[in-house]
Amino acid sequence: WRSNFTQPAYMSPPTAFNGSVFLQYTYSTSSKLYCLNGTTGVTTWNAPFSSQWGQYFAPAAEASGVYISGGYYGGIYGFNPASGAQLFFQQLPMEDKWNPTLYNGGLYTFIDGTFTSHNKTSGATLWSLNFGWAGYSLYRTTACAYNSAFLVNDSVTIPSGIQELICVDLLQKKAAW
C-alpha cells in the first residue's frame, strides 16, 4: 500500500507498533500525528499538535502511549495509541530533530545536554541530569540497553567542537561514565 500526504513541509520517519504505523506530518500550524492501519495504510486517526515548522524523528510508541516531540516553543506530547486523544503536553526547551525514548517502562528525553525521565501519563519530570550543552542543532536520539542510556553530547568540559559519549545508569540515576 501507499498513503499520500498533501504538501507536508516535513514528515518524520515512521514507527510501527501493534498493527499501526505512526508518523508526524508538519506544515506550519497544521501539524498532525497520524496513525495508519499497518495492513491497509488507511488513516485510523490523526491528532493535531503545535509546531513551528519542526523537523522530527520517529515517534516512540507502546501500549501506554505514542510520544512525540513538538510544541510551538518546544515540548513533548503523549497520545492514546488507540484513539489519538492527547494525554499530555509538557513544555521543554525549543529544539527539534530529537525523539523521546521508551525503555524498560520509562520515558526519556535528551535535549540541550539534559537527560530527563518523564512520567508517562503527565509528562512531568521525575528526575534529570544536566551535562551542559555547547552545541547548536540537536540531531540527537538515545540508545538504551543494560539498564543504561547512551547519549552523544556536545561537551562543555573539553575543547569546542568535541563530542562525548555518556552512559547513564538508569537504576542509580547518575552517569556511569
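Taking the six-membered ring where the residue is Trp, F89 and Y77 present tilted rings, their angle falling between 30° and 60°.
Taken together through direct or relayed side-chain contacts under 4.5 Å among Ile, Leu, Val, Met, Phe, Trp and Tyr, W45 and L87 form parts of separate hydrophobic clusters. Both L102 and I76 are assigned to one and the same hydrophobic cluster, defined by single-linkage of ILVMFWY side chains at heavy-atom distances under 4.5 Å. In this structure, Y103 is not a member of the same hydrophobic cluster as V66, with clusters built from ILVMFWY side-chain heavy atoms closer than 4.5 Å. Taking hydrophobic clusters as Ile, Leu, Val, Met, Phe, Trp and Tyr residues chained together by side-chain heavy-atom distances below 4.5 Å, L92 shares a cluster with L107. Linking Ile, Leu, Val, Met, Phe, Trp and Tyr residues whenever their side-chain heavy atoms come within less than 4.5 Å places F17 and F79 in a single cluster.
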Step by step, work out the side-chain contact (heavy atoms from CB on, under 4.5 Å) result for T101 and T109. CA-CA 6 Å; T101 300; T109 58; over 6 Å; no
Given L171 and D169, is the side-chain contact (heavy atoms from CB on, under 4.5 Å) satisfied, shown in steps? CA-CA 6 Å; L171 300 176; D169 182 323; 3.5 Å; yes
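Listed by first and then second residue, the salt bridge (charged side-chain N to carboxylate O under 4.0 Å, His left out) pairs that reach into residues 56-76 are E62-K120, sequence neighbours excluded. Sorted pairs that involve residues 83-92 and meet salt bridge (charged side-chain N to carboxylate O under 4.0 Å, His left out), not counting sequence neighbours, are lacking altogether.
Between Y27 and W53, the gap from one ring centroid to the other is short of 6.0 Å. Between F115 and Y108, the distance separating the two ring centers is shorter than 6.0 angstrom.
Atom-to-atom distance recorded for L33:CG and Q24:CD is 6.0 Å, nearest 0.5 angstrom. In this structure, S69 OG and M94 CE are separated by 12.0 Å, a value rounded to the nearest 0.5 Å. Between Y10 atom OH and Q55 atom CD the span is 4.0 Å, to the nearest 0.5 Å. From C35, atom SG reaches atom CG of N46 across 10.0 Å, with rounding to the nearest 0.5 Å. Note that OG1 of T26 is 8.5 Å distant from CG of D96, once rounded to the nearest 0.5 Å. Taking CZ of F110 as the reference point, atom CD1 of I166 lies at 5.5 Å (rounded to 0.5 Å).
The two residues V21 and P14 make their nearest non-hydrogen contact at CG1-CB, 3.7 Å. Residue S12 comes nearest to P59 through the heavy atom pair OG-CD, 3.8 Å, listed as atom of the first residue, atom of the second, then distance. Residues L36 and G41 share a closest heavy-atom pair of CD2-O, 3.4 Å. Shortest non-hydrogen contact noted between G54 and S51 is N-OG, 3.1 Å. When all heavy atoms of L151 and F131 are compared, the pair lying nearest together is CD1-CE1, 3.9 Å. The minimum heavy-atom distance between M11 and L23, with the atom names listed, is CE-CD1, 3.3 Å.
Put simply, the side chain of T15 never gets that close to the backbone of A60: no donor and acceptor are under 3.5 Å apart. With hydrogens and angles disregarded, a donor-acceptor distance shorter than 3.5 Å links the side chain of Q91 to the backbone of Y73. Not a single donor-acceptor pair under 3.5 Å links the side chain of T125 to the backbone N or O of W127.
Within the 4.5 Å cutoff, the side chain of S20 has no heavy atoms near those of the P81 side chain.
Not counting sequence neighbours, Y72 has no partner by the ring-ring contact (aromatic ring centres under 6.0 Å, His included) test. Residues forming a side-chain hydrogen bond (donor to acceptor under 3.5 Å, both in side chains) with T44 (at least two apart in sequence, or on another chain): none. With sequence neighbours left out, N147 forms a side-chain hydrogen bond (donor to acceptor under 3.5 Å, both in side chains) with N104.
Of the candidates F49, W98, Y67, Y25, F49 is the only one forming a ring pair (Phe, Tyr, Trp, His ring centres under 6.0 Å) with Y56.
The other members of the hydrophobic cluster of F150, by chain and number, are Y146, V152, L165, W177 (side-chain heavy atoms under 4.5 Å, ILVMFWY only).
Remark: R140 does not engage D112 in a salt bridge, criterion side-chain N to carboxylate O under 4.0 Å.
Defined by atom type and a distance below 3.5 Å, a donor-acceptor pair is present between the side-chain atoms of T141 and N99. Under 3.5 Å, the side chains of T114 and S128 contain no donor-acceptor pair of N or O atoms.
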